[in-house]
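To keep things clear, I will list the structure first and then write my remarks on it.
These values consider heavy atoms only, across backbone and side chains, with no hydrogens, waters or symmetry-generated copies. These numbers were taken from a predicted model, which means no experiment stands behind them.
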Amino acid sequence: MYRERVSRVPDAVLWWSTSPGSATAERRVLPDGCMDVIWADGALLVAGPDTAAHVVTDRPGARYVGLRFGPGTGPVVFGVPAHELRDLRVPLADLWPGAEARRLTERAGEAADAGPPLGAVLEEEAAHRLGAAPRPVDSALVGAVVEGVRAGLPVARIAADAGIGERRLHRRCLDAFGYGPRTLGRILRMNRAVDLARGGTPPATVAAVAGYADQAHLSREVRSLTGVTLGALTR
């Protein structure tokens, strides 16, 4: 069972998931340009931005609580450029000073059993770190890149509109998203296509609405980024 809600932290989603209690389950986490902090099995993990689907095998009854940060926000919370965590899952203690990681892990452990909800503990810490960050998120640039790639604009146009060169834009994107603007655009377009398909839109219409050349192009991109067909993702 998976549920989520809009977080009190700007541009973030709080989510929680419980695996079936009868058998080991496998699930496919699609790349989305985001980074998460996740409470799992009594520990806090950080999920970096993925370039392809991440397959997770859950033990029966496994419970997770996570805070997913929108593109560009995670690096400020975790204190490292996004590309350093690309396609990785690492303990929070590997990124934060030991005392800070232990403090949050202890608070999360207490909240998991009693007291304030675990999600509220994660939100409180994330909000604090965003507010105290010495170099806040360049929200204007992040927003312009996300909006531009979603609209299918050429990278040169996005860079020109932002008033910087393409190479500098690429470096800024690596820090904020974990990959360049072209890869970000492919991932965001794929997610839109999957959402449309899961909502019942026919594949040919999905391809046209999401900006693919044709249905075959859609199929190739979905398989390349997720490892399975669009049909498999919607079953």
Side-chain angles (χ1 to χ4, degrees), residues 3-17 29-40 44-51 54 64-97 100-101 104-105 107-108 117-151 158 162 164 168-192 195:
R3 292 181 293 168
E4 65 177 40
R5 68 163 171 79
V6 175
S7 172
R8 292 185 287 271
V9 178
D11 197 27
V13 171
L14 181 66
W15 59 269
W16 51 101
S17 174
V29 180
L30 304 188
D32 56 9
C34 298
M35 300 172 69
D36 297 56
V37 59
I38 304 169
W39 173 261
L44 286 169
L45 302 174
V46 174
D50 291 324
T51 57
H54 180 76
Y64 306 92
V65 178
L67 189 59
R68 179 180 305 116
F69 302 101
T73 304
V76 179
V77 175
F78 301 125
V80 295
H83 65 85
E84 292 188 9
L85 299 176
R86 185 171 52 228
D87 294 320
L88 296 178
R89 303 293 186 270
V90 301
L92 181 65
D94 287 356
L95 306 178
W96 287 4
E100 294 182 25
L104 182 58
T105 300
R107 290 187 61 206
L118 173 53
V121 171
L122 300 181
E123 288 179 309
E124 180 184 339
E125 183 66 25
H128 170 73
R129 295 185 74 88
L130 284 171
R135 186 167 64 91
V137 175
D138 187 345
S139 56
L141 179 62
V142 167
V145 172
V146 171
E147 182 179 347
V149 298
R150 280 181 171 156
I158 297 172
I164 59 178
R168 186 180 176 194
L169 176 68
H170 187 80
R171 291 194 298 269
R172 298 287 291 275
C173 286
L174 289 179
D175 288 346
F177 309 120
Y179 21 69
R182 289 186 178 85
T183 299
L184 177 67
R186 290 180 63 211
I187 287 171
L188 296 182
R189 181 173 60 180
M190 178 274 296
N191 274 273
R192 185 185 183 201
D195 287 343

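Within 6.0 Å of the CD atom in Glu147, the count of heavy atoms belonging to other residues, nucleotides or ligands does not exceed 12.
Counting heavy atoms from C-beta on, the side chains of Met190 and Pro31 come closer than 4.5 Å. No side-chain heavy atom of Val46 sits less than 4.5 Å from a side-chain heavy atom of Asp94. Looking at heavy atoms from C-beta onward, Ile187 lies out of side-chain contact with Phe177 at the 4.5 angstrom threshold. For the pair Trp39 and Thr105, the minimum side-chain heavy-atom distance is below 4.5 Å.
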Side chain to side chain contact (heavy atoms under 4.5 Å, CB included) between Arg150 and Val146, worked out
CA-CA 6 Å; Arg150 280 181 171 156; Val146 171; 3.5 Å; yes

Decide salt bridge (charged side-chain N to carboxylate O under 4.0 Å, His left out) for Arg107 and Glu124; before the verdict, give the C-alpha distance in whole Å, the side-chain angles of both, and the deciding distance to 0.1 Å.
CA-CA 11 Å; Arg107 290 187 61 206; Glu124 180 184 339; 3.1 Å; yes

Walk me through it: do Ile38 and Val65 pass the test side chain to side chain contact (heavy atoms under 4.5 Å, CB included)?
CA-CA 6 Å; Ile38 304 169; Val65 178; over 6 Å; no

Check the pair Val6 / Val13 against side chain to side chain contact (heavy atoms under 4.5 Å, CB included), numbers first and verdict last.
CA-CA 5 Å; Val6 175; Val13 171; 5.5 Å; no

Evaluate Arg68 against Glu123 for salt bridge (charged side-chain N to carboxylate O under 4.0 Å, His left out), listing each step before the verdict.
CA-CA 10 Å; Arg68 179 180 305 116; Glu123 288 179 309; over 6 Å; no

Residues Val77, Val37; criterion side chain to side chain contact (heavy atoms under 4.5 Å, CB included); working and verdict:
CA-CA 10 Å; Val77 175; Val37 59; over 6 Å; no

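Of all heavy-atom pairs spanning Gly48 and Arg89, the tightest one is O-NH1, 3.8 Å. Nearest heavy-atom pair, Ala108 versus Leu118, reported as atom, atom and distance to 0.1 Å: CB-CD1, 3.3 Å. The minimum heavy-atom distance between Pro181 and His170, with the atom names listed, is CD-ND1, 3.9 Å. Considering every non-hydrogen atom in both Cys34 and Gly70, the closest pair reads SG-CA, 4.1 Å. Considering all non-hydrogen atoms of both residues, Leu67 and Ser7 come closest at CD1-OG, 3.6 Å. Closest approach of Ala126 and Val9 over heavy atoms only: CB-CG2, 4.2 Å.
Of the inter-residue distances, the one linking Asp195 atom CG with Asn191 atom CG reads 6.5 Å to the nearest 0.5 angstrom. The CG atom of Leu88 sits 9.0 Å away from the CZ atom of Arg86 when rounded to the nearest 0.5 Å. Taken from CD in Glu125 to CG in Leu92, the straight-line distance is 8.5 Å, to the nearest 0.5 Å. Here Asp36 contributes atom CG and Leu44 contributes atom CG; the two are 12.5 Å apart, rounded to the nearest 0.5 Å. Between Leu188 atom CG and Leu184 atom CG the span is 4.0 Å, to the nearest 0.5 Å. The line from CG of Asp175 to CD of Glu84 is 8.5 Å long, rounded to the nearest 0.5 Å.
At distances below 3.5 Å, not a single donor-acceptor pair connects side-chain atoms of Asp50 with backbone N or O atoms of Leu30. Judged by distance alone, the side chain of Tyr179 and the main-chain N or O of Pro49 form no donor-acceptor pair under 3.5 Å.
Ring planes of Phe69 and Phe78: perpendicular class, angle over 60° (limits at 30 and 60°).
Taking the centre and axis of the six-membered ring of Trp96, the NZ or CZ atom of Arg129 falls inside the cone set by 45° and 6.0 Å.
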